[in-house]
Amino acid sequence: MKNLTMDKLVAHCKNTGILYPGSDIYDGLANTWDYGPVGVELKNNIKRIWWKRFVQESENSYGVDAAIMMNPRVWEASGHVQSFTDPKMDCKSCKSRMRADTLIENFSKGSVDVDAMTNDEMQDYINEHKIKCPVCGNFDWTPIRQFQLMFKTSRNITGDSNDVIYLRPETAQGEFVNFMNIQRTTRAKVPFGIAQVGKAFRNEITPGNFTFRTIEFEQMEHQWFCKNEEEGFKYYKEYKDKAWQFLLDIGFNKDDLKFKDHEKLAHYAKAATDIIFNFPFGWNELNGIHYRTDYDLRRHQEYSGKNMMYIDPVTNEKYIPHDVEYSIGADRLTLAILCEFYDEETLENGETRIVYHFHPAIAPYKVAVLPLQKNMSEKAKEILKKLSKHFMCTYDESGSIGKRYRRQDQIGTPYCVTIDFETLENETITIRDRDTMEQKRVSIDELINFVKDKIEF
Ligand code: ATP
């Protein structure tokens, strides 16, 4: 993560097809971002390896893809209608809207634990320290008010009725409401898990820091249902370890990650921690792990009137399962990866190369096919077609070979394949390694097996 500032990262992403501002030709829509051809591959690969680890390879875990718009009663049962709010203040001078907790966190450089403060305590702290508006520099705030974070839309069924529907602010409820369906149709025995990857929407007061906090984002969530409190604490610890190991396996340096336990627990949670990451703008949440007791299923039983009791097939015991939740933003993890694996290296000839040292499993393109001369393009395209059956490849025939290597380095392509005169004679190619920049000659079949082996996760 050498020399990386957020400005530099944003410019790099815009120039290389990783991310563009949303609705760019209309001057954008604040805090929305579109993934370009390179970024979409990266994010899809990240979602794929997460799913592989937490569903495919996780015994007794099942996937679901629930609707974004859910019965509004879901959000009453979950507590979101009543309490999914943030403490906001408006600057009377410049009309900027700020989160009171963020103002204090930034002012105190993280030394004050805002999670443990009430609104009155936050108000007192801001007044006492005369914390100014970061936009206009004035100290002219409205009092703190709670701000609803759920986006509302409406479903006009008859023309005269206007039913409010919310865009889901988290994917978790899609897993809870399907608990019984999934248990019944899979015959899963507790403990078992339900996972989902999908969009969530939050009317954030202070979005920003590129894709760190946006109003529309994707979450990857896994609920692990178990028997009771004792098991809840056991699996909470297990999921902390699993979440941490997943990041290390991607290649994160453990010095850039930390656990941050929650001091102030939500009323339903018995334990909660975040893994925080050393972003260029400071340490911030990457994912959360919560032991949520039997709160969620119990609330849905109460609000829906449907039985959420699990019956143990061996002992006939009846109980509402407890839940350990592991939740990580797909966009936030993508951003952390874009920060962590960025590098600028000085080469032997004095030039600097920007290089992304992504794990090959998440690299947007696995192989770039580069004909040394234009008259080799026919053969190169034939090889590209062959390789593309196995993994995502790209093709480049413009500019010097050195320039083409640089272009691939800066989007993290782990292998570049050059097509030369020898290829035309004996079907061998030269493969160049992104990290060592070493080259070796192999046959096309050897190349396919070699890359397949490297992209395993
Ligand atoms: P934060 O404290 O950053 O607002 P949170 O504690 O509200 O996050 P959760 O509700 O636990 O977050 O959501 C789980 C994960 O979803 C977060 O760890 C983060 O990775 C991601 N996430 C949450 N809000 C956003 C957002 N506005 N934009 C992008 N990702 C988000």
Side-chain angles (χ1 to χ4, degrees), residues 19 22 30-33 35 43 46-47 50 54 75 78-80 83-88 98-102 104-106 110 113-117 147-151 167-176 195-223 236 239-240 243-244 246-247 250 252 257-266 268-269 271-277 279 281-292 296 323-340:
L19 280 146
N31 299 296
T32 62
W33 298 93
Y35 288 82
K43 186 170 149 190
I46 291 168
K47 290 190 282 184
W50 186 88
F54 291 96
W75 307 110
S78 68
H80 282 81
S83 58
F84 193 53
T85 57
D86 272 340
K88 80 151 187 148
M98 298 288 158
R99 270 173 69 165
D101 50 347
T102 312
I104 298 175
E105 247 170 17
N106 292 346
D113 181 17
V114 279
D115 283 351
M117 290 171 109
F147 181 79
Q148 172 57 261
L149 296 178
M150 279 202 292
F151 276 106
L167 299 186
R168 67 180 178 199
E170 61 174 29
T171 54
Q173 300 304 323
E175 290 133 71
F176 298 133
Q196 173 163 226
V197 174
K199 290 258 179 179
F201 305 82
R202 293 184 189 176
N203 201 358
E204 299 277 8
I205 297 170
T206 44
N209 278 327
F210 201 14
T211 54
F212 177 80
R213 191 181 302 287
T214 48
I215 51 177
E216 173 185 342
F217 55 96
E218 263 184 292
Q219 288 187 312
M220 308 192 282
E221 295 200 302
H222 185 274
Q223 316 294 334
Y236 168 70
Y239 271 88
K240 275 176 74 172
W244 182 263
F246 176 64
L247 297 172
I250 291 175
F252 278 90
L257 301 169
K258 271 195 249 184
F259 279 107
K260 185 172 178 240
D261 291 342
H262 290 205
E263 300 274 314
K264 193 171 82 178
L265 291 175
Y268 50 79
T273 194
D274 295 334
I275 295 180
I276 56 173
F277 171 70
F279 286 96
F281 48 89
W283 287 90
N284 271 286
E285 175 174 341
L286 185 54
N287 71 227
I289 301 135
H290 298 80
Y291 165 38
R292 301 177 61 104
D296 303 280
D323 172 47
V324 173
E325 175 180 86
Y326 157 47
S327 174
I328 181 161
D331 306 273
R332 204 173 276 185
L333 177 57
T334 304
L335 177 64
I337 284 171
L338 286 168
C339 297
E340 178 77 353

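The structure displayed is predicted, hence computed values, not measured ones. Side chains included, hydrogens not; waters and symmetry mates left out as well; all remaining heavy atoms used. Both counts, for ligands and for their atoms, begin at 1 and track the order of listing.
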(message) Using a 4.0 Å cut-off on heavy atoms, what residues surround ligand 1? Order them by chain and number.
(response) R202, E204, F212, R213, T214, F217, Q219, E285, L286, N287, G288, S327, I328, G329, R332
(message) Any side-chain to backbone donor/acceptor pair from K260 onto D274? Under 3.5 Å, distance only.
(response) no
(request) Apply salt bridge (charged side-chain N to carboxylate O under 4.0 Å, His left out) to D296 and list each qualifying residue two or more places apart in sequence or on a separate chain. (result) R292
(request) Report the residues that fulfil ring pair (Phe, Tyr, Trp, His ring centres under 6.0 Å) with F201, sequence neighbours left out, ordered by chain and then residue number. (result) none
(message) In this structure, is the centre-to-centre distance between the rings of H222 and Y239 below 6.0 Å?
(response) yes
(request) Name all pairs fulfilling the side chain to side chain donor-acceptor pair (under 3.5 Å) condition that reach into residues 209-220, sequence neighbours left out, sorted by first residue then second. (result) K43-E218, K47-E218, K199-E216
(request) Give a yes or no on whether the ring-centroid distance for W33 and F210 is below 6.0 angstrom. (result) yes
